Amino acid sequence: MRPAESGAATDAGPHTTGDRLRRIQTLTDTELARLGVDEMLAEVLERVRDLLEVDTVAVLLLDPSATFLVATATRGLEEETSQGVRIPIGRGFAGRIAAERRPVIIDEVDHSNVLNPILREKGIRSLLGVPLLVAGDVIGVLHVGVLVPRAFTPEDAELLQLAADRIALATQARMTQAERTAAAALQRSLLPGQLPTVPGLELAARYVPGDGGEVGGDWYDVFDLPSGRLCVVVGDVVGRGLQASVAMGRLRSAVRAYALLTEDPAELLRKLDVQVQHFERDVMATVLCAVVEVDQSVAWVASAGHPPPVRSLAGESGELMDVEPDPPIGLTPVRRRRARAVDLPVGSCLVLYTDGLVERRSESLDVGLARLTEAVRPGPAEQLCARIMGRLIGSRTSADDVALLVVARPGDDGTAPLRLAEPAEPRSLRSVRQSLRAYLGSVGATPEEISDLVLAVGEACANVVEHAYGPGGGVLEVHLEMHGRRVRATVRDTGAWREARGVNRGRGTTLMHGLVDEVHVDRDATGTRVVLEKSLGRNS
């Protein structure tokens, strides 16, 4: 093996040299601009093989770990790509080119100078390879080979390096665009397409990529827990691009999995940290996790190095919550993490966000946080989201990704009706009761009023499940709405009721009359409608 600069020059003649240089111009002409990475490399390799009159040509690109070269495109060495050849940096022919960042020539291939057995099996006798460089960094290797001995010259190496430089720039540009596209698609697939409907709460969110459109590791998530609580998460993986998005996806999935094991946000973040410390030691992230109780009056909040949430009470401006942050996920082992209770009375809102919303290169973080607290006022969640983005982002482009999540608990004048449609099956009754409790808590019903209404409406629902439909089943519809301080609950079905069976049956209506102020039952050919009304005793 010898470096390219030691070869003996040959008189190729000015016409041949000029002709080759002109042909190099075609390696990345406008015809290739519309091709993807794989198609572009395939076409360029054909042109390189013709340019240098060689039998084989191959491109090996650096893998994400930067420790291996991976065969990506070949002509005459298709086995390299089909078998997934990987060459360690610093070993063998291609590995040496990448490590030394210069051309290398092998006059005669043997076991001592070539690591890849496919080259020997194909009968390659001589090799020339050059690094693929972008801004001084190696992104891969381009090499050519012949089936008969050949003394590659420095001129050959120079021409191949010119080709490699053009290939490197075109490949990097296409790979960057492909990575951005993949990261954006991954980000879109992992962010909730539609936030869940939660009776008694309003939810709204925004996600905007940072400057240049390159997505990173910011995310938000909202999901129900087995107990009926609500889990709200905002996180930010350190880094940018596809790798940060992939890491974000793994962390988001892990949070959901651990939420099935514990509903304590501090313990959930501890479990997440243990996983990252063990399996993903190159990942670091800040995460804010809040678990809202079933009655929605309290959110338990835990922070892993994340900016604090902002809460606003009815008629008041926003304030930063005193949620002391523990270390970020993946930074250092933490034996125990902490959670703090944040009250969410009717008419309040809670705002979670990533640092791209408040950080500016030209000012301190305190200025951005102050701007956020001034922008937060109670109101409909979507309107508040728009207000915050307008005040803090406006027409400028944030240098970093922005994730924003608003959880609002409207007052009486903003409480939308509760509408449920569930299969008329016994398993639906638990879900209906949970939704009723959450809704009634959001409108300020007392625990006793909640108990009475849940029992009365639950009895009407149980009657539908038992009597309204036959084996084919049907739909149970529940509708709650507020009229001032009076609750009206409607339970409806579209079935034909069967007579009660057994003794001590049919007393449900009596029970309902004892729990609420008024009960009306309407039955016709389209089904049955039960309307229950109860005035709430106090306004909380």
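Keep in mind it's a predicted model, so treat the numbers as computed, not measured.
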Measuring only between side-chain heavy atoms, which start at C-beta, is [X] closer than 4.5 Å to [Y]?
X	Y	answer
T509	V530	no
L251	L272	yes
V406	L203	no
E459	T510	no
F68	I89	no
V208	I393	no
T67	L62	no
V287	W219	yes

Would you give me the side-chain donor-acceptor pairs under 3.5 Å for residues 381-390, sequence neighbours excluded?
from: E382; atom 1: OE1; to: R206; atom 2: NH1; distance (Å): 3.2
from: E382; atom 1: OE1; to: R206; atom 2: NH2; distance (Å): 3.2
from: R387; atom 1: NE; to: A375; atom 2: O; distance (Å): 2.6

Atom pair [atom1]/[atom2] of [X] and [Y] - distance to nearest 0.5 Å:
X	Y	atom1	atom2	value
M284	Q277	CE	CD	11.0 Å
L455	L511	CG	CG	5.0 Å
L344	L313	CG	CG	9.0 Å
D236	H306	CG	NE2	7.0 Å
K534	L440	NZ	CG	10.5 Å
L405	L350	CG	CG	8.5 Å

Has [X] got a side-chain atom pairing as donor or acceptor with [Y]'s backbone, closer than 3.5 angstrom?
X	Y	answer
S435	S431	yes
S428	E422	no
D343	P345	no
S253	G249	yes
R252	M248	no
R523	T528	no

Expected list for residues 325-335: side-chain donor-acceptor pairs under 3.5 angstrom, two or more places apart:
from: D326; atom 1: OD1; to: R338; atom 2: NE; distance (Å): 3.0
from: D326; atom 1: OD1; to: R338; atom 2: NH2; distance (Å): 2.7
from: D326; atom 1: OD2; to: R338; atom 2: N; distance (Å): 2.9

Restricting to non-hydrogen atoms, name the atom on [X] and the atom on [Y] that form the minimum distance, rounded to 0.1 Å.
X	Y	answer
G200	Y439	N-CD1, 4.2 Å
P308	Y353	O-OH, 2.6 Å
L392	G368	CD2-O, 4.2 Å
R427	P423	NH2-CG, 4.1 Å
V457	A489	CG2-CB, 3.7 Å
D400	G356	CB-CA, 4.0 Å

Not counting sequence neighbours, list each pair that qualifies as a salt bridge (charged side-chain N to carboxylate O under 4.0 Å, His left out) and has a residue in residues 302-318.
-> R311-E319

With sequence neighbours left out, which residue pairs that include part of residues 297-310 fulfil the salt bridge (charged side-chain N to carboxylate O under 4.0 Å, His left out) condition?
-> none

Electrostatic pair [X]:[Y] at N-O distance under 4.0 angstrom:
X	Y	result
R486	D517	yes
R337	D273	yes
R371	E374	no
R437	D295	no

Is the closest side-chain donor-acceptor distance between [X] and [Y] under 3.5 Å?
X	Y	value
T526	D524	yes
D401	Y207	yes
T354	Y220	no
H479	T490	no
S312	R377	no

With sequence neighbours left out, the residues meeting side-chain contact (heavy atoms from CB on, under 4.5 Å) with Q275 are A254, Y258, F279, E280

When D63, L60, L61 are each screened for side chain to side chain contact (heavy atoms under 4.5 Å, CB included) with L69, the one that passes is L60

Should V519 and V531 be marked as a side chain to side chain contact (heavy atoms under 4.5 Å, CB included) after you check the CA-CA gap, both sets of side-chain angles, and the distance that decides it?
-> CA-CA 6 Å; V519 178; V531 179; over 6 Å; no

In residues 225-233, what donor-acceptor pairs under 3.5 Å come from side-chain atoms, sequence neighbours left out?
from: S227; atom 1: OG; to: R229; atom 2: N; distance (Å): 3.3
from: S227; atom 1: OG; to: R229; atom 2: NH1; distance (Å): 3.2
from: S227; atom 1: OG; to: E263; atom 2: OE1; distance (Å): 2.5
from: S227; atom 1: OG; to: E263; atom 2: OE2; distance (Å): 3.2
from: R229; atom 1: NE; to: E293; atom 2: OE1; distance (Å): 2.8
from: R229; atom 1: NH1; to: E263; atom 2: OE1; distance (Å): 2.6

Could you please spell out the steps behind the side chain to side chain contact (heavy atoms under 4.5 Å, CB included) verdict for R256 and D221?
-> CA-CA 9 Å; R256 287 195 165 208; D221 202 4; 2.7 Å; yes

Between V491 and L476, does a side chain to side chain contact (heavy atoms under 4.5 Å, CB included) hold up when you go through it step by step?
-> CA-CA 7 Å; V491 178; L476 164 66; 3.8 Å; yes

Please test M482 against L536 for side chain to side chain contact (heavy atoms under 4.5 Å, CB included), starting from the C-alpha separation and ending with a verdict.
-> CA-CA 10 Å; M482 295 297 299; L536 303 184; 4.0 Å; yes

Does atom CZ of R340 have more than 12 heavy-atom neighbours, drawn from other residues, nucleotides or ligands, at distances under 6.0 Å?
-> yes

